[in-house]
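Quick notes on the structure that follows.
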Amino acid sequence: MKEKRLEILGILSVAVSLLIFTSLIGYNPNEDPGISPNILIENPMGILGVWIGYFFIKLTFGYSSFIIPFIAITWGIWFFSNKDFQAISRLSGYLSGLVVLSSITLGAAQIFRYGIDNVSYRFSGMIGGLIAGMIFDFLGAIGILIILISLWLILVRGYFGFSFYKPIKLLIDNYKKKQADKKLVT
């Protein structure tokens, strides 16, 4: 009985994710959910696609939201195939971090490009843009750069597991060895 429910949940998850992805692909920034019924809607999912695109791209995480349907499709396949959820949950966590961090980074880039007063958060979405604006207000340009670089390094280090310290230590050891060799020669 549990397998049957997981298969149904998997099929529904993949189907809804494909509908959301289609809505995001058809997103047009000029189409607004409050659009007049007399105007031709270009989104392939119709008015529901306009609402979905508006929500994900305009109000939440901007164009980084394209990753969200892929996460849901992967979960749907995992539900359908009854696989172990530990591996997929780790990947989903890092991909969710990627969505949020890339949205904040796009918001910061828009702030640097257009200034804090003239930004519309077209690419980052409202949530990512407002978080970037808050960090920019508190820490300034250099502070937001330091925070974003640190967070990207943490995300990469956490997922891939390689050490950033080992290459630096290797360079320092090579430098010390060359200095010691230089002393021996003189």
Side-chain angles (χ1 to χ4, degrees), residues 12-77 88-160 164:
L12 288 175
S13 177
V14 169
V16 169
S17 301
L18 289 173
L19 294 174
I20 290 172
F21 184 71
T22 305
S23 298
L24 293 177
I25 287 176
Y27 174 71
N28 182 354
N30 297 325
E31 291 180 341
D32 193 78
I35 200 165
S36 169
N38 299 331
I39 295 177
L40 179 67
I41 294 175
E42 296 175 4
N43 195 304
M45 292 298 299
I47 191 67
L48 181 63
V50 171
W51 277 95
I52 291 171
Y54 183 81
F55 175 75
F56 279 107
I57 294 178
K58 183 81 171 180
L59 297 180
T60 58
F61 298 111
Y63 288 100
S64 304
S65 298
F66 276 96
I67 298 171
I68 294 171
F70 290 114
I71 295 172
I73 287 171
T74 307
W75 273 95
I77 292 170
I88 193 68
S89 62
R90 179 178 182 270
L91 176 66
S92 297
Y94 282 107
L95 285 175
S96 299
L98 176 73
V99 168
V100 173
L101 195 53
S102 61
S103 177
I104 295 170
T105 304
L106 285 171
Q110 292 174 105
I111 289 171
F112 290 142
R113 173 75 170 102
Y114 302 111
I116 191 73
D117 296 327
N118 298 326
V119 81
S120 66
Y121 304 122
R122 180 176 176 184
F123 301 109
S124 65
M126 189 176 291
I127 291 176
L130 290 176
I131 292 172
M134 181 187 70
I135 296 170
F136 184 81
D137 284 343
F138 279 114
L139 302 175
I142 295 174
I144 196 169
L145 283 174
I146 291 171
I147 294 293
L148 286 175
I149 290 170
S150 300
L151 289 175
W152 277 109
L153 290 174
I154 290 168
L155 187 72
V156 168
R157 170 70 167 104
Y159 183 73
F160 292 109
F164 291 120

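Numbers here simply count residues along the sequence, with the first being 1. Here the structure is a predicted model, which is why all the values come from computation and not from measurement.
Rounding to the nearest 0.5 Å places OG of Ser23 at 10.5 Å from CG of Leu18. In this structure, the separation between OG on Ser103 and CE on Met126 is 11.5 Å, given to the nearest 0.5 Å. Here CZ of Phe61 is found 10.5 Å from OG of Ser124. Values are rounded to the nearest 0.5 Å. From Ser150, atom OG reaches atom CG of Leu145 across 10.5 Å, with rounding to the nearest 0.5 Å. The structure places CD1 of Ile147 at 11.0 Å from CG of Leu101, a figure rounded to the nearest 0.5 Å. Summarising the geometry, atom CG belonging to Leu148 is positioned 7.0 Å from atom CD1 belonging to Ile104; distances are rounded to the nearest 0.5 Å.
Side-chain contact between Asp137 and Ile116 is present, with heavy atoms from C-beta onward closer than 4.5 Å. Residues Ile25 and Pro44 form no side-chain contact, since every pair of their non-hydrogen atoms from C-beta on lies 4.5 Å or further apart. Contact check for Leu19 versus Met45: side-chain heavy atoms found under the 4.5 Å cut-off. Inter-residue side-chain proximity for Tyr121 and Lys58 is flagged as unmet; no heavy-atom pair is nearer than 4.5 Å. The shortest side-chain heavy-atom distance between Leu24 and Pro69 falls under the 4.5 Å cut-off. Counting heavy atoms from C-beta outward, Ile68 and Ile20 have side chains that stay 4.5 Å or more apart. At a threshold of 4.5 Å between non-hydrogen side-chain atoms, the residues Phe112 and Ile144 count as touching. For the pair Ile71/Ser96, a side-chain contact is recorded, criterion being any heavy-atom separation below 4.5 Å from C-beta on.
Between Trp152 and Thr105, the side chains place a donor N or O and an acceptor N or O closer than 3.5 Å (distance only, hydrogens not considered). With 3.5 Å as the limit, one finds a donor-acceptor pair spanning the side chains of Ser102 and Ser64.
Within 6.0 Å of the OH atom in Tyr159, the count of heavy atoms belonging to other residues, nucleotides or ligands does not exceed 12. Applying the 6.0 Å contact sphere to CZ of Phe160 captures no more than 12 heavy atoms from other residues, nucleotides or ligands.
Between Phe21 and Phe70, the ring centre distance stays below 6.0 Å.
Between Phe123 and Tyr63, the angle of the ring planes lies from 30° to 60°, which puts this pair in the tilted group.
Summarising the geometry of Arg122 relative to Gln110, their closest heavy-atom pair is N-OE1, 3.1 Å, with the distance given to 0.1 Å.
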